[in-house]
Amino acid sequence: MERADVAIIGGGPAGAIAAQSAASRGAKTILFEKGVPREDRKNIGPDSTDAAGILDYWVDLMELDPSTFPNDIILRHLNCAEFISPSESVCLHKTGIKSSYPHFGYTYNRTLFDDWMLERASSAGADCRIGETVREVIVSKTGPHELILRTGDSLFAKNLILADGPQRSITLGVLDQLLPSGMASNALGTTVANHIAYQEYRKIPEDLFEPDKIKFWWGHIPGHTAYPWIFPNEGCTARIGVTMPIGMDINDVSDRDSYLLLRPEDGQIPKCNDYIERLLSFIFPDLELSDFPLVKQKGKRKGTETYPISSTQPIDSPSHFNIAITGGAMGATSAFHEGGAHVAIRTGKIAGTLAASDSLKQYNSQWKAAIGTEIRRNVAFANLVRGFGPSDWDSVFRITNRVLNSSNTSSTLSALRRAGLGGFKLLSTYKKEKFLLRDGRYVQITESDYHSP
Ligand SMILES: Cc1cc2nc3c(=O)[nH]c(=O)nc-3n(C[C@H](O)[C@H](O)[C@H](O)COP(=O)(O)OP(=O)(O)OC[C@H]3O[C@@H](n4cnc5c(N)ncnc54)[C@H](O)[C@@H]3O)c2cc1C
């Protein structure tokens, strides 16, 4: 019967850093990654779907210095983010949050990054089994937890770290053993808790390529925190993507004529790839789609990839049973700003470090101390913009622009503070949302909700 001190399910950023952190502290650590084929990786590996943008202060949050990355991982240093609504656009050159990183952010090669993270885990002594799928976990109150693999083999581990991402293929089954019936899927089921995110790798004509800017089109497609984006990569390649809630009904969209990427003949919400085609012809009306060829040797399939992104509030882990849920699986990521690698890395690191010394009971308080401010801000922003339509985005960006044009300030919050009545109203609504989330109230399943298996 095989045993480990720490078992980790999932080999994305959260799982890999958990494995490295546990193994480097002497724990017998085994990581299982089911293995996903990609065009840009020779063998199977982690899923690695990501627009792969990192903002300045995320660098500090994830405690991973990009100057230590192998040379080919960073693709572009960023100078700004542009937010475009139907009739306004705002360019932010600072996030306005204290950071040690000298640029606005960077984009990176997520596939190479994930491979490097797993190599670091293996070098630290973790046994990283790529291509091994965990089928089920049987949770034990007192003894080790049993992991049943797709092969039928079992492994027993005292500490379990769930890093299986927003699909939660194992996390949901574990939670079902510890929560009242239906609670886990109501909170974290994929269609309620996730957005779908789709992207294409396309070449942009050189004179139109913007190498140091990420761009987001808000209020162009319906749905809460639904938007297309363009992120610059190496050469003149860009990742062009769309994030939107799963299963939207076009008949529920009010004022549909005001969404520039919807068409009167649409009988249903367009597919993500149709949105991308429409976005390109909207921005570059004189060009054809064939002027932006797909880079077919990238992504999961012929230059494209799709994967969920968690759009929910995070959950506490059943850490008194020596189980930690990390990253996308715990809902710490945010479809609001397409961000999550930073919180995945930080929560994975905390979980691996604690698991190595059999101290997972401290996990919930430690992750809140590390990323609670970020989560609270993200959840408050996502709540603030609930129900926003195109004209709301126009008005927010108009207010922000007014301030940016009249002062040196380029952070959103200070901009709002100086923007007169509209800005004041927005700021006070944001503050109210934040207040409602005080003392960890952004958590939607608390430690006390868990019962014995
Ligand atoms: C299109 C898109 C764009 C994004 N853009 C950004 C961005 O610009 N910046 C940013 O910071 N974040 C972004 N994110 C979010 C970011 O990618 C995630 O937050 C991050 O990947 C979460 O890491 P993770 O390790 O928790 O999970 P994942 O990266 O999802 O890793 C989970 C791993 O678990 C494996 N697995 C699942 N089930 C099993 C099983 N039963 N057995 C074994 N292995 C299993 C999967 O194969 C996968 O490799 C984006 C996400 C998407 C989809």
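In listed order, ligands and their atoms are each counted from 1. Below, all heavy atoms of this structure are taken into account, side chains as well, without hydrogens, waters or symmetry copies.
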| request: Would you check whether A344 has a nitrogen or oxygen atom less than 3.5 angstrom from a nitrogen or oxygen atom of ligand 1? | output: no
| Does ligand 1 have a heavy atom under 4.0 Å from the side chain of T306, from its backbone, from both, or from neither? | neither
Distance-only criterion, 3.5 Å: show the donor-acceptor pairs between side-chain atoms of residues 173-184 and protein atoms not counting sequence neighbours.
unit_1	atom_1	unit_2	atom_2	d
Q177	OE1	V139	N	3.0
Q177	NE2	V137	O	2.7
Q177	NE2	G173	O	3.2

| message | Checking the N or O distance criterion of under 3.5 Å, is ligand 1 in contact with G339? | response | no
| Any P166 heavy atom less than 4.0 Å to ligand 1 | yes
| message | Any carboxylate oxygen within less than 4.0 angstrom of a Lys/Arg side-chain nitrogen, looking at R110 and D114? | response | yes
| query | Taking the six-membered ring for Trp, are W116 and F113 parallel (under 30°), tilted (30 to 60°) or perpendicular (over 60°)? | reply | tilted
| request: Record the part of V36 in heavy-atom contact with ligand 1 below 4.0 Å; permitted values are side chain, backbone, both and neither. | output: side chain
| Counting each atom of ligand 1 from 1 as listed, which ones have a heavy atom of G340 under 4.0 Å away? | 10 (C), 11 (O), 12 (N), 19 (O)
| message | I need the atoms of ligand 1 closer than 4.0 Å to a non-hydrogen atom of F231, numbered in the order shown. | response | 8 (O)
| message | Less than 4.5 Å apart, side chain to side chain, heavy atoms only: is that true for T243 and W229? | response | yes
| request: Report the member of D164, V343, I8 with the shortest heavy-atom distance to atom 37 (C) of ligand 1. | output: D164
| Are any of the side-chain nitrogens in K300 or E39 under 4.0 Å away from the carboxylate oxygens of its partner? | no
| said: Using a 3.5 Å distance criterion without hydrogens, assess whether the side chain of T29 forms a donor-acceptor pair with backbone atoms of A27. | reply: yes
| task | Using distance alone, determine whether G328 and ligand 1 share an N or O pair under 3.5 Å. | result | yes
| note | Taking only non-hydrogen atoms of P308 and a 4.0 Å limit, the atoms of ligand 1 in range are 53 (C)
| query | Does a side-chain heavy-atom distance below 4.5 Å link M62 with I54? | reply | yes
| message | Tell me whether E305 is salt-bridged to K296, with the criterion being a basic N under 4.0 Å from an acidic carboxylate O. | response | no
| query | What residue and heavy atom of the protein are closest to atom 1 (C) of ligand 1, and at what distance? | reply | A197 CB, 3.3 Å
| request: State plainly whether the residues D212 and R76 are in salt-bridge range, i.e. N to O under 4.0 Å. | output: no
| Region of A52 engaging ligand 1 - heavy atom pairs below 4.0 Å | backbone
| said: If you take the nearest heavy atom of each of M330, K34, R135, R129, which one is closest to atom 45 (C) of ligand 1? | reply: K34
| Is it true that E33 and R129 have a side-chain N and a carboxylate O under 4.0 angstrom from each other? | no
| 4.0 Å heavy-atom contact, P13 with ligand 1 | yes
| said: Using a 4.0 Å cutoff against the non-hydrogen atoms of A163, which atoms of ligand 1 qualify? | reply: 32 (C), 33 (C), 34 (O)
| query | Can you tell which of W218, F83, Y259 makes a ring-ring contact (aromatic ring centres under 6.0 Å, His included) with W393? | reply | W218
| query | Does S48 come within less than 4.0 Å of ligand 1, judged by its heavy atoms? | reply | no
| request: Check F284, F209, Y201 against F292 for a ring-ring contact (aromatic ring centres under 6.0 Å, His included) and give me the one that passes. | output: F284
| said: Using a plain distance cutoff, I'd like to know if Q199 has any nitrogen or oxygen under 3.5 Å from a nitrogen or oxygen of ligand 1. | reply: no
| field | Heavy-atom nearest neighbour in the protein, as seen from atom 27 (O) of ligand 1, with distance rounded to 0.1 Å | value | G165 CA, 3.5 Å
| request: Please could you name the atoms of ligand 1 that E132 approaches to less than 4.0 Å, counting only its heavy atoms? | output: 43 (C)
| ligand 1 atoms in contact with G327 (distance to a heavy atom under 4.0 Å) | 26 (O)
| request: Record the part of A14 in heavy-atom contact with ligand 1 below 4.0 Å; permitted values are side chain, backbone, both and neither. | output: both
| Any donor-acceptor N/O pair, T326 side chain to L162 backbone, under 3.5 Å | yes
| note | Check: of H195, R110, R150, min heavy-atom distance to atom 16 (C) of ligand 1 comes from R110
| query | According to the salt bridge (charged side-chain N to carboxylate O under 4.0 Å, His left out) rule, which pairs have a member within residues 307-320, sequence neighbours left out? | reply | D316-K368
| query | ligand 1 and Y307, any nitrogen or oxygen pair closer than 3.5 angstrom? | reply | yes
| message | Please report whether ligand 1 has a polar contact with V134, defined as an N or O pair separated by less than 3.5 Å (distance criterion only). | response | yes
| query | With a 4.0 Å cut-off, would you call R202 and D291 a salt bridge? | reply | no
| task | Could you tell me whether E33 and ligand 1 have an N or O pair separated by under 3.5 Å? | result | yes
| request: Report yes if P46 has an N/O atom closer than 3.5 Å to an N/O atom of ligand 1; otherwise report no. | output: no
| said: Suppose I only count heavy atoms of I309 and a 4.0 Å limit; which atoms of ligand 1 are within that range? | reply: 14 (N), 15 (C), 50 (C), 51 (C)
| Who's the nearest protein heavy-atom neighbour of atom 9 (N) of ligand 1, and how far? | G53 O, 2.8 Å
| Contact check: G35 vs ligand 1, nitrogen or oxygen atoms, below 3.5 angstrom | no
| Considering L149, N194, T49, I345, which one's heavy-atom position lies nearest to atom 52 (C) of ligand 1? | T49
| Contacting atoms of ligand 1, where contact means under 4.0 angstrom from a heavy atom of T333 | 19 (O)
| message | A side-chain contact here means heavy atoms from C-beta on lying under 4.5 Å apart; do I161 and V6 qualify? | response | yes
| task | Give the residue, atom name and distance (to 0.1 Å) of the protein heavy atom nearest atom 14 (N) of ligand 1. | result | D50 OD1, 3.3 Å
| message | Run the salt bridge (charged side-chain N to carboxylate O under 4.0 Å, His left out) test on K298 and E234 for me, step by step, so that the C-alpha distance in whole Å, both residues' side-chain angles and the decisive distance to 0.1 Å come before the verdict. | response | CA-CA 12 Å; K298 296 267 190 185; E234 76 273 36; 2.6 Å; yes
